[in-house]
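What follows is a set of notes on a single structure, which appears directly below.
Please read all numbers here as calculations on a predicted model, not as lab measurements. Position 1 is the first residue of the sequence, and the numbers go up from there.
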Amino acid sequence: MKRRSTFALLGGAAATALMGTGCGGGTASGSVLTVGMPNGPLTENNNPFSPTSASNSLGYRWVLYEPLAQVNLLEPTNEPLPWLAEKWEWSKDFQSVKLTIRDGVKWSDGKDLTADDVAFTYNLVKDTEALNLDAIPYKKATATGRIVELTFKSPQYVNQTRIIGFTPIVPEHVWSKVKDPTKDTVKKPVGSGPFTLSSWTSQAVTLKVRDDYWGDKPKVKEMRYVSYNDNSAQTTALGNGECQWSYVFMPDYKKVFIKKDPENHRLWFPSGLGIHVLFINNARKPFDDPELRKAMNLVVDREAVHKQGESGLYPLVESPTGIPSPVGDDYIADKYKNVKHKVDVKKAKKILEDAGYTLKGGKLETPDGKAVTMKLIDPTGWSDYLASLQIIADNLSTIGIKAEVDSVTVDDWNEKLFTGDFDASLHWTNTGSTPWDLFSNIMDGAHYKEIGEKASWNFGRFKSDEATEALSTYADTDDEDTRKKALETLQDIMVEEVPVIPLVAGPIGAVFSTKHWVGWPDDDNPYSMSQPTQPSSSLILTRLKPA
């Protein structure tokens, strides 16, 4: 399966056979590090802005190009680490930021990286809608000496780390000559990162370390990025040591990976602020009734979804607010800090009884006498999601709801989800630097569409002026107390109206080996997101040392 674009992919859609597991990338030594992803065949495309390019899907764009700062979404309240920018200062209203660009940085073709390059990059994104994937409302970017000032049409408190931490900076002397930056495949990339492209095939990409890199020079001399055929091939390569760094869904990871080399094989899947939820169609009867949704929420066994459905890889979300711990603990309202979700069938039945529902022969009927039935849909092949849906279906039967799991094609699923032609479906939310992204994806009126119209988020068609106003207030205010109250309002709505059923957190982790390289981020030193497709990969490479 190919999904969860914010933090790259879990799983890999089976594709036509393209290679044996060796594919020229299976070296494990003191100078080479091999990254693998289960992405199938590659097409040569090194465009750092293209979400479908090989450099994006394998992650090597971030060791060729770099952002202004290193953001760690595992510790979202911490300040980002200065990178191509030495420092930055946001205006109080978050409608502008002044950046001091690092001196002494050279592009891989030997030319100096300047503030003009940075301003050019942001103006390029501003002027090219297809490159502005987060729809940041840029006004303009100007350079004076080493200072770049970015201005915006609206406050960017919720996007501040996304702006400085997830934009690849490109050289003006190269990209000003590119006719169409959305389509150019960038055969000879020029970046500021610690590696340069050495060779490219449809099976593997090789990068060499730069002698003139501005930062701490990586001890890794050569990076090999290999695209494996599917999860199974990727897992085999990790198990036998051909590949040492990846992000792949591995349901029986203790047996198929850890047990192969207990001393060195590691799996670290910490959560960010994104979660996986059951989107319920709030615009379809009887699921427009918050009392029914509250009762459904009370009988869903999140622990079973976490352990059985997601094989323990996705961290459990225990807070009824949907905010995952520990990463989101600072954002949970005081009244919910010690509250954890608990399955309570008796309480659920009482809620339904009070709301006029009846149980007849073990089947739930609405106040107007109609049986409550539903279909839970997700794509065929998404085994973890489908297993989780079956758990939920079994749970719902305890209150008389007949729920059936229905697998559909990805295209059919997308169409049904986007147009509102479904009862319920498991899906993810984005991971942001605050819980705003999570709540906006679930209940923002800015994303609301009537059934039949295509929605990009708020798939459940949850309608709440209060939620929309709180999201807008949180994004626009420069007052911390106002922001805190807005977030409390959003948590109240999650608990009292249950627009979705939160289940498990979205991990930003990795599978790696310490046999040849040590210094990886982990529970003892969570200095960075460990996923090899994240911008932080260049930071990790400067920290790795030979074992």
query: Do Lys335 and Asp492 touch side chain to side chain, with heavy atoms closer than 4.5 Å?
result: yes

- prompt: Would you call Glu488 and Lys485 a salt bridge, using N to O less than 4.0 angstrom?
  reply: no

Closest heavy-atom pair and its distance - Ser456, His447: OG-ND1, 3.8 Å

- request: Please assess Leu376 against Leu386 for the test side chain to side chain contact (heavy atoms under 4.5 Å, CB included), listing each intermediate value before the final yes or no.
  value: CA-CA 9 Å; Leu376 312 176; Leu386 294 174; over 6 Å; no

- request: Give the C-alpha distance, both sets of side-chain angles, the deciding distance and a yes or no for salt bridge (charged side-chain N to carboxylate O under 4.0 Å, His left out) between Arg162 and Asp437.
  value: CA-CA 11 Å; Arg162 185 169 293 142; Asp437 297 71; 2.6 Å; yes

field: Closest non-hydrogen atom pair between Phe462 and Asn282, with its separation
entry: CD1-OD1, 3.5 Å

- request: For the pair His265 and Phe257, name the ring-plane relationship: parallel under 30°, tilted 30 to 60°, perpendicular over 60°.
  value: parallel

query: Is there a donor-acceptor pair closer than 3.5 Å between any side-chain N or O of Gln491 and the backbone N or O of Tyr331?
result: yes

- prompt: Got a salt bridge between Lys337 and Asp329, using NZ or NE/NH1/NH2 to carboxylate O under 4.0 Å?
  reply: no

query: Sub-3.5 Å donor-acceptor pair from the side chain of Gln234 to the main-chain atoms of Met37, do we have one?
result: yes

Ser53 and its side chain to side chain donor-acceptor pair (under 3.5 Å) partner, picked from Ser55, Ser57, Ser50: Ser55

- prompt: Rounded to the nearest 0.5 Å, how far apart are CD1 of Ile136 and OG1 of Thr167?
  reply: 7.5 Å

task: Show your reasoning for whether side chain to side chain donor-acceptor pair (under 3.5 Å) applies to Gln70 and Ser538.
output: CA-CA 9 Å; Gln70 292 286 358; Ser538 57; 3.2 Å; yes

message: Walk me through whether Glu66 and Trp214 qualify under side chain to side chain donor-acceptor pair (under 3.5 Å).
response: CA-CA 12 Å; Glu66 296 177 293; Trp214 65 271; 3.0 Å; yes

query: Is there a side-chain contact between Val158 and Phe94 (heavy atoms, below 4.5 Å)?
result: no

message: Keeping Asn56 on the side-chain end and Pro51 on the backbone end, is there a donor-acceptor pair under 3.5 Å?
response: yes

task: Kindly confirm or rule out a cation-pi arrangement of Arg543 over Tyr527, judged by NZ or CZ under 6.0 Å from the six-membered ring centre and within 45° of its axis?
output: yes

task: Using modelled atom types only, decide if a donor and an acceptor are shared between the side chain of Ser528 and the backbone of Ile540 within a distance under 3.5 Å.
output: no

Other residues, nucleotides, ligands: >12 heavy atoms within 6.0 Å of Asp216 CG: no

- request: Answer yes when Asp523 and Arg266 have at least one side-chain N-carboxylate O distance shorter than 4.0 Å, and no when they do not.
  value: no

- request: Could you give me the CA-CA distance, side-chain angles and deciding distance for Trp245 and Phe512, then say whether ring-ring contact (aromatic ring centres under 6.0 Å, His included) is met?
  value: CA-CA 4 Å; Trp245 191 10; Phe512 55 88; 8.3 Å; no

message: Less than 6.0 angstrom separating the ring centers of Phe269 and Tyr247, yes or no?
response: yes

query: Do Thr542 side-chain atoms and Leu539 backbone N/O form a donor-acceptor pair below 3.5 Å?
result: yes

task: Please test Asn264 against Asp261 for side chain to side chain donor-acceptor pair (under 3.5 Å), starting from the C-alpha separation and ending with a verdict.
output: CA-CA 6 Å; Asn264 294 300; Asp261 185 355; 3.1 Å; yes

- prompt: Got a second to check how far Trp520's CH2 is from Lys545's NZ, nearest 0.5 Å?
  reply: 14.5 Å

- request: Work out which heavy atom in Ser388 is nearest to a heavy atom in Gly309; give both atom names and the distance.
  value: OG-CA, 3.4 Å

- request: Kindly compute the distance separating NZ (Lys87) from CD1 (Ile101), expressed to the nearest 0.5 Å.
  value: 12.0 Å

Where Ala446 and Thr468 come nearest, the two heavy atoms and their spacing: N-CG2, 4.4 Å

message: Pair Val125, Phe49 - check side chain to side chain contact (heavy atoms under 4.5 Å, CB included), show working.
response: CA-CA 9 Å; Val125 173; Phe49 297 109; 4.0 Å; yes

- prompt: With no hydrogens and no angle check, is any side-chain donor or acceptor of Thr121 less than 3.5 Å from a backbone partner on Val170?
  reply: yes

message: If you apply the rule side chain to side chain contact (heavy atoms under 4.5 Å, CB included), what do you find for Leu490 with Leu471, and how did you get there?
response: CA-CA 8 Å; Leu490 294 167; Leu471 285 162; 3.7 Å; yes

message: Would you compute the distance between atom OH of Tyr474 and atom CZ of Phe439 and round it to the nearest 0.5 angstrom?
response: 9.5 Å

task: Any chance you could lay out the side chain to side chain donor-acceptor pair (under 3.5 Å) test for Arg61 and Asn47, step after step, and finish with the verdict?
output: CA-CA 8 Å; Arg61 64 168 173 160; Asn47 190 324; over 6 Å; no

task: Could you tell me the separation between the NE2 atom of His306 and the CD atom of Gln308, rounded to the nearest 0.5 Å?
output: 10.5 Å

field: Electrostatic pair Lys484-Glu480, nearest N-O below 4.0 angstrom
entry: no

query: Between Val500 and Asn297, does a side chain to side chain contact (heavy atoms under 4.5 Å, CB included) hold up when you go through it step by step?
result: CA-CA 8 Å; Val500 299; Asn297 184 46; over 6 Å; no

message: If you compare all heavy atoms of Val511 against all heavy atoms of Leu238, which two are closest, and at what distance to 0.1 Å?
response: CG1-CD1, 4.0 Å

query: Are any side-chain N or O atoms of Gln156 and backbone N or O atoms of Ser154, one a donor and one an acceptor, separated by less than 3.5 Å?
result: yes

- prompt: Is the CG atom of Asn525 crowded by more than 12 outside heavy atoms at less than 6.0 Å?
  reply: yes

- request: State plainly whether the residues Lys454 and Glu415 are in salt-bridge range, i.e. N to O under 4.0 Å.
  value: yes

Side-chain donor/acceptor of Thr533 to backbone N/O of Leu58, under 3.5 Å: no

field: Backbone N/O of Pro189 and side chain of Asn46: donor-acceptor pair under 3.5 Å
entry: no

task: Test Phe459 against Trp457 for ring-ring contact (aromatic ring centres under 6.0 Å, His included), laying out the working first.
output: CA-CA 5 Å; Phe459 302 120; Trp457 281 113; 5.4 Å; yes

- request: Give a yes or no on this: more than 12 heavy atoms of other residues, nucleotides or ligands lie within 6.0 Å of atom CD of Glu469.
  value: no

- request: For residues Val35 and Met223, determine if any side-chain heavy atom of one lies less than 4.5 Å from a side-chain heavy atom of the other.
  value: yes

query: Taking C-beta and beyond as the side chain, do Ile169 and Leu68 meet within less than 4.5 Å on heavy atoms?
result: yes

task: Taking all non-hydrogen atoms of both residues into account, name the closest pair between Ile163 and Tyr122 and its distance.
output: O-OH, 2.9 Å

message: Contact between Ser464 and Ile493 at the side-chain level, heavy atoms closer than 4.5 Å - yes or no?
response: yes

- prompt: Just wondering, more than 12 heavy atoms not from Lys260 lying within 6.0 Å of its NZ?
  reply: no

- prompt: Okay, side chain of Arg461, backbone of Tyr448: is any donor-acceptor separation there less than 3.5 Å?
  reply: no

- request: Apply the ring pair (Phe, Tyr, Trp, His ring centres under 6.0 Å) test between His427 and each candidate in Trp413, Tyr385, Phe422; give the one that qualifies.
  value: Trp413

